[in-house]
Amino acid sequence: MEMKKKKRKFKTPNTYVIIFMVLVLVAILTWIIPGGAYKTNQAGNAIANTYHTVKANHQGIWDIIEAPIIGMVGNAKVTGAITISLNVLMFGSFLEMMDKTGAVNIALRGVAEKYRKNQYVLISVLTCIMGIFGTVQGSYEEGFVYLLMFLPIILSLGLDTIVALMIVILGTQAGCAASIVNPFSTGIASGIAGISPGAGLIFRVGMFVVLLALVSTIICLYAKKIQAHPEKSPQYGRREADLKEFAGEGQESSLTKQQRKVFHVFILTFAIMIISLVPWTSLNPGWTLFDDLAHFINHTPILSSIIGSDVVPFGNWYFNEINGLLLVMTFIAGKIMHYSTDDIINTIIKGAAGLVSTAFIIPLARGIQVLMTNGNITATVLHACEATLGSLSPIVFVIVCLAVYILLASFIPSSTGLAAATMSIMAPLATFAGVSKAVMVIIYNLSLGIVKTIMPTSIIVMTCIQAAHVNYGTWIKVTWKPVCAYVLVSCLILIAAVLVKVQ
């Protein structure tokens, strides 16, 4: 009797397992790569030509276990991710309230019906919106929020969750790669490099158009294939489950008066978020309306007593302020629907609970940076780049720099952290190679945009695929070709920047 051997199909490890494997790899590297450090200035930025060897600080089992915990709460060297994780939970509560009221689902079904015959226009518009969020405010950690907004409409068009993932991840990171006025990347990197954030701005506008056109085309081509042959979708087996979870089961076709008010709260919340995160005074020093208003409130006795004396002006908001906004808006939406306070609180808890698994990914990923920093290998890797790049021709220099920055960004995907660790070293190298510092800022932005679309250290990738129940291996299979095209176009952009001598 012949025994039939079943083929064991390879299954990509769980998201948490993948990141933990990277943690182990980085810990091993601390035993191989020599320890090193740069002297830093008062702002904590590395100073060029000050590299020196230090005692290696090998990271062991204890350090691997502690890295995600330190990644959550932070220490003297690494900023904690707890506010970001809390932001994920607060968005979960807000979106749970929106789902409970049915307002957003009904509105999105209406939009889906309107664009049923113009889906490519809809995809392009949504991708462009994501790109704007990326280029203006560096949209990254909060990407899963937009994903949960778009999933109902994308699924109702007969497409799959991969399309929604592409819109959010490729869209936001194409915007981040251009970072026309992004204060968290272009602003910080330019400041460290000693140039104005406006240097190279016109060229970055052109980059934005090119990159958004590229990713919109890629997404539309994929959507066309899936609509013609649904069975070719990697998520085809989950179609019914995805529809049940994300598209909603309600049959209402129009909003009630209360639901319309809730939908206005939904739109207002995101409008306030955008306005509050745009660096108004950086765009124009004369745009001080929000600063003046906050100063007036903080220094007027009656108002400061009632509202508070530490009001943060729009343009300077970050996760703490956004979390407060979400909590308030969740309560307002609940009260509009006449829910009891207990019901509102239960909804907040339920929504947060639904995204705990997503929130835990963030400190786990941040643990990679913790191990590299504590292991004293970040500076050594950077010094190796410093020693080998200075003598290259301009065009070869920018291409090699992009490759180097992609490697560095893979382990330090934080725009602020990467800029602080590298820009004061890399910017002078650009000058020696006959390339402007503005081009080095462009290289830095492009590398982050590439890395954050595909690497397991990217928070937006890991949180979004987790929320959409998409395997990481599936995401790699679908996006490796688009990412290769992305890299090729990035190289062409850098060659153009050298030829037109961007300043």
Side-chain angles (χ1 to χ4, degrees), residues 9-12 15 108-109 111-131 134 143-144 146-175 177 209-247 449-450 452-456 458 460-462 464-490 492:
K9 198 173 180 180
F10 175 75
K11 185 178 179 182
T12 306
T15 299
L108 287 176
R109 278 199 295 272
V111 174
E113 192 61 38
K114 182 179 179 181
Y115 284 97
R116 190 166 296 279
K117 295 181 180 179
N118 298 287
Q119 63 176 20
Y120 304 125
V121 174
L122 176 63
I123 289 172
S124 299
V125 168
L126 293 179
T127 304
C128 185
I129 291 172
M130 290 294 94
F144 77 96
Y146 307 123
L147 174 71
L148 296 179
M149 286 172 54
F150 296 158
L151 277 171
I153 185 171
I154 295 301
L155 291 173
S156 67
L157 289 173
L159 303 174
D160 63 3
T161 52
I162 299 291
V163 174
L165 282 168
M166 284 182 162
I167 290 172
V168 173
I169 298 175
L170 298 186
T172 57
Q173 297 320 299
V209 174
V210 170
L211 292 174
L212 261 295
L214 172 66
V215 297
S216 293
T217 301
I218 288 170
I219 300 169
C220 287
L221 288 174
Y222 175 82
K224 183 179 181 181
K225 181 182 80 171
I226 297 305
Q227 192 159 62
H229 303 283
E231 71 282 358
K232 290 187 177 181
S233 168
Q235 296 298 99
Y236 183 68
R238 273 196 55 89
R239 175 70 182 171
E240 294 303 318
D242 287 337
L243 283 171
K244 184 176 180 180
E245 179 174 353
F246 300 117
I450 292 168
K452 289 180 180 181
T453 62
I454 198 166
M455 294 300 288
S458 169
I460 191 172
V461 168
M462 303 314 268
C464 283
I465 64 173
Q466 177 80 11
H469 308 296
V470 173
N471 192 285
Y472 179 67
T474 299
W475 179 247
I476 294 293
K477 182 180 178 181
V478 171
T479 58
W480 75 268
K481 288 182 180 178
V483 170
C484 287
Y486 201 156
V487 173
L488 177 59
V489 170
S490 296
L492 295 175

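Both backbone and side-chain heavy atoms feed into the values below; hydrogens, waters and symmetry mates do not. Residue numbers run from 1 in the order of the sequence given.
- Judged as a side-chain contact (heavy atoms from CB on, under 4.5 Å), and not counting sequence neighbours, Val209 has no contacts.
- No side-chain donor-acceptor contact under 3.5 Å links Ser216 to the backbone of Ala213.
- The two residues Pro234 and Val478 have their closest heavy-atom pair at CG-CG2, 3.7 Å.
- Ala164 is linked by a side-chain contact (heavy atoms from CB on, under 4.5 Å) to Leu147, Leu151, Ile154, counting only residues two or more places apart in sequence or in another chain.
- Between the side chain of Ser156 and the backbone N or O of Pro152 there is at least one donor-acceptor pair closer than 3.5 Å.
- For Gln119, the side chain to side chain donor-acceptor pair (under 3.5 Å) partners are Gln227, not counting sequence neighbours.
- Nearest heavy atoms, Leu211 versus Ala174: CD1-O, 3.8 Å.
- Residues forming a side-chain contact (heavy atoms from CB on, under 4.5 Å) with Lys225 (at least two apart in sequence, or on another chain): Tyr222, Lys232.
- Contact between Ala223 and Ile123 at its shortest, heavy atoms only, is CB-CD1, 3.7 Å.
- By the 4.5 Å heavy-atom criterion applied to side chains, Gln235 and Val470 are counted as neighbours.
- The line from CE of Met130 to CD1 of Ile219 is 11.0 Å long, rounded to the nearest 0.5 Å.
- Remark: Ile226 CD1 to Glu231 CD distance equals 8.5 Å, nearest 0.5 Å.
- For the atom pair Leu159 CG and Phe150 CZ, the distance stands at 14.0 Å (nearest 0.5 Å).
- Using modelled atom types, one side-chain atom of Trp475 and one backbone atom of Thr453 make a donor-acceptor pair closer than 3.5 Å.
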Can you list, pair by pair, the side-chain donor-acceptor contacts under 3.5 Å of residues 165-173, counting residues two or more places apart and other chains?
unit_1 : atom_1 : unit_2 : atom_2 : d
Thr172 : OG1    : Val168 : O      : 2.6
Thr172 : OG1    : Ile169 : O      : 3.3
Gln173 : NE2    : Ser139 : O      : 3.3

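- Under the 4.5 Å side-chain criterion, counting only non-hydrogen atoms from C-beta, Asn471 is not in contact with Ile465.
- Counting all heavy atoms, side chain and backbone alike, Pro456 lies closest to Met462 at O-CG, 3.2 Å.
- Of all non-hydrogen atoms in Met455 and Val461, the two that sit nearest each other are O-CB, 4.1 Å.
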Stepwise, does the side chain to side chain contact (heavy atoms under 4.5 Å, CB included) test hold for Phe246 with Leu148?
CA-CA 8 Å; Phe246 300 117; Leu148 296 179; 4.1 Å; yes
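- Pro482 is linked by a side-chain contact (heavy atoms from CB on, under 4.5 Å) to Ile218, counting only residues two or more places apart in sequence or in another chain.
- The list of side chain to side chain donor-acceptor pair (under 3.5 Å) pairs with a residue in residues 121-131, not counting sequence neighbours, is empty.
- Looking at residues two or more places apart in sequence or on another chain, you find a side chain to side chain donor-acceptor pair (under 3.5 Å) between Ser233 and Asp160.
- The shortest heavy-atom contact between Ala177 and Tyr486 is CB-OH, 3.4 Å.
- Every residue two or more places apart in sequence or in another chain was checked for a ring pair (Phe, Tyr, Trp, His ring centres under 6.0 Å) with Phe144, and none qualifies.
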